[in-house]
Amino acid sequence: MLPSSLRQNKRYIVFEVISEQPVAYQDLVNAVWSSTLSFLGEAFASEVRPWFIVNLYDNEKQRGVIKCAHNTVEQMRAVLSLISVIGESRSVVHVLGITGTIKSAKAKYFEGK
Amino acid sequence: MFYDLHVHTAASIGENKLEEMASMAKRIGLDGIAIVSYFPDVIQDVSTLSASLRSRVEGVDIVNAVMLKPASVVELEKMISKARPKAELLYVHGGNYDINRAACESPAIDMLCHPELGRKDSGIDHIVIKSAAENNVVIEVNFREILESHGRNKSNIMSSMRTNIMLANKYEAKIIATSGAVNIWGMRAGRELAAFLNLMGMDLGESLDAMSNVPKKIIAENREKLLGKRREGVIEE
């Protein structure tokens, strides 16, 4: 494992899915990857490095967290806004906020809400 | 404060009711939406509409916008004189170069919508953008065009949008992004649309401004004009 000084800075995008029908987690992951690759391409996607924090996904509220490189937050926002269908359900992925740590993402958007 | 100045309800070409659109707007953090109807459809009484809606969906400002879709420049001029006294915001359906140019040359127009629609070029050149800057006509970046297109077509549309943003930056014209939504699933948060503008070549600060202060100012100015508090051509310092 790289020492923390050499690790890439990250940001955590907290989002909620607003959809006609409840969406499956795997469909959401596929939709995000499909949108990332079609909009940004494989080369830039490697720079963004989107990563789902699986154990933070709230299936009931359809709320989750995606990790990405700290300087590619705007790109990820655009990628998420370009998703219009997840699985077979029309959907909107709404960004609730951006945090610098998982801890603050949990505290602000998951605990007690 | 974010605004989306182009959404359609079931009263025009949309699917959802006004209340549903306003409710979604509130959920995704929009402070105001402009409901667009095509001229010469019945223009609802905005003041009554806003008051009745505010009692149900607090905090969402509803603006009445009218879209002109003329077949020629002469028809556009006639439409402007009929629609302007009734509309809070007046838009022109772009795509035809002559109409794009005539719209930007008229100070009565607030926004030129999707100037690149159905074209191979961006629909705007240095002459049109100069006129838009002089007459305070805003150029629209319509997000629905991106959402509903694929592959090469999507890429071409984004390329045209980039050109328009580059021209607007150079000639200091105003550009804003709208969802162009025809249903609640087409609506997007102002911050997301600002991120999209940023990726298309606009400075992040300016793109945030384009989604908040620019529309807010246009709405305020037009409402003052409608109420007779401000005269056409008078610029506030």
Side-chain angles (χ1 to χ4, degrees), chain A residues 11 13-23 27-28 31-32 34-45 47-48 50 61-63 66 68-99 108-109 113, chain B residues 2 4 7 14-16 20-21 23-30 141-155 157-159 161-162 165 177-208 211:
Chain A
R11 290 292 179 270
I13 301 175
V14 185
F15 64 90
E16 70 170 344
V17 178
I18 306 168
S19 57
E20 276 181 317
Q21 313 287 332
V23 295
D27 286 340
L28 170 66
V32 171
S34 165
S35 179
T36 306
L37 293 173
S38 66
F39 185 60
L40 302 177
E42 289 172 354
F44 198 77
E47 202 174 308
V48 177
K61 292 177 185 164
Q62 299 197 144
R63 212 173 252 207
I66 297 174
C68 68
H70 78 293
N71 52 357
T72 60
V73 171
E74 294 306 309
Q75 283 84 348
M76 267 321 280
R77 271 187 190 274
V79 162
L80 295 177
S81 70
L82 283 163
I83 296 170
S84 54
V85 176
I86 298 174
E88 289 180 354
S89 172
R90 289 192 289 182
S91 315
V92 174
V93 181
H94 176 222
V95 175
L96 297 170
I98 314 288
T99 65
K108 279 186 191 168
Y109 301 100
K113 289 199 175 180
Chain B
F2 289 115
D4 185 350
V7 299
E15 289 174 28
N16 295 97
E20 291 167 332
M21 299 300 274
S23 174
M24 184 62 156
K26 193 183 178 191
R27 188 163 179 192
I28 60 175
L30 291 170
V141 167
N142 190 312
F143 195 72
R144 178 157 61 104
E145 278 195 81
I146 304 291
L147 270 188
E148 291 182 355
S149 57
H150 301 279
R152 201 169 89 177
N153 192 24
K154 188 181 203 167
S155 177
I157 292 169
M158 286 199 288
S159 172
M161 288 173 176
R162 276 180 192 278
I165 289 172
T178 68
S179 69
V182 289
N183 54 45
I184 57 169
W185 308 112
M187 294 179 82
R188 292 293 181 272
R191 184 64 184 81
E192 264 82 297
L193 293 176
F196 183 74
L197 278 180
N198 178 232
L199 290 194
M200 292 293 107
M202 196 184 248
D203 176 69
L204 184 58
E206 279 177 26
S207 52
L208 288 170
M211 297 309 303

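Small disclaimer: the values here were computed from a predicted structure and weren't measured. Computed over heavy atoms, backbone and side chain alike; hydrogens, waters and symmetry mates excluded. Convention: sequence-line order gives letters A, B, ...; per-chain numbering from 1.
Sorted by first and then second residue, the side chain to side chain donor-acceptor pair (under 3.5 Å) pairs involving residues 74-87 of chain A (not counting sequence neighbours) are A/Glu74-B/Arg191, A/Arg77-B/Glu192. Residue pairs that meet the side chain to side chain donor-acceptor pair (under 3.5 Å) test with at least one member in residues 180-190 of chain B, sequence neighbours left out, are B/Glu15-B/Asn183.
With rounding to the nearest 0.5 Å, the separation of CE in A/Met76 from CD1 in A/Ile66 is 4.5 Å.
Contacts between B/Leu204 and chain A at a heavy-atom distance below 4.5 Å involve the side chain alone, from C-beta outward. Interface remark: B/Met187 contributes backbone atoms only to the contact with chain A (heavy atom separation under 4.5 Å). In this structure, the portions of B/Ile28 lying under 4.5 Å from any heavy atom of chain A include both its backbone and its side chain.
The environment of CD in A/Glu20 is crowded: more than 12 heavy-atom neighbours from other residues, nucleotides or ligands sit within 6.0 Å.
In terms of heavy-atom pairs under 4.5 Å with chain B, the best-connected choice from A/Val93, A/Leu96, A/Val79, A/Val92 is A/Val92.
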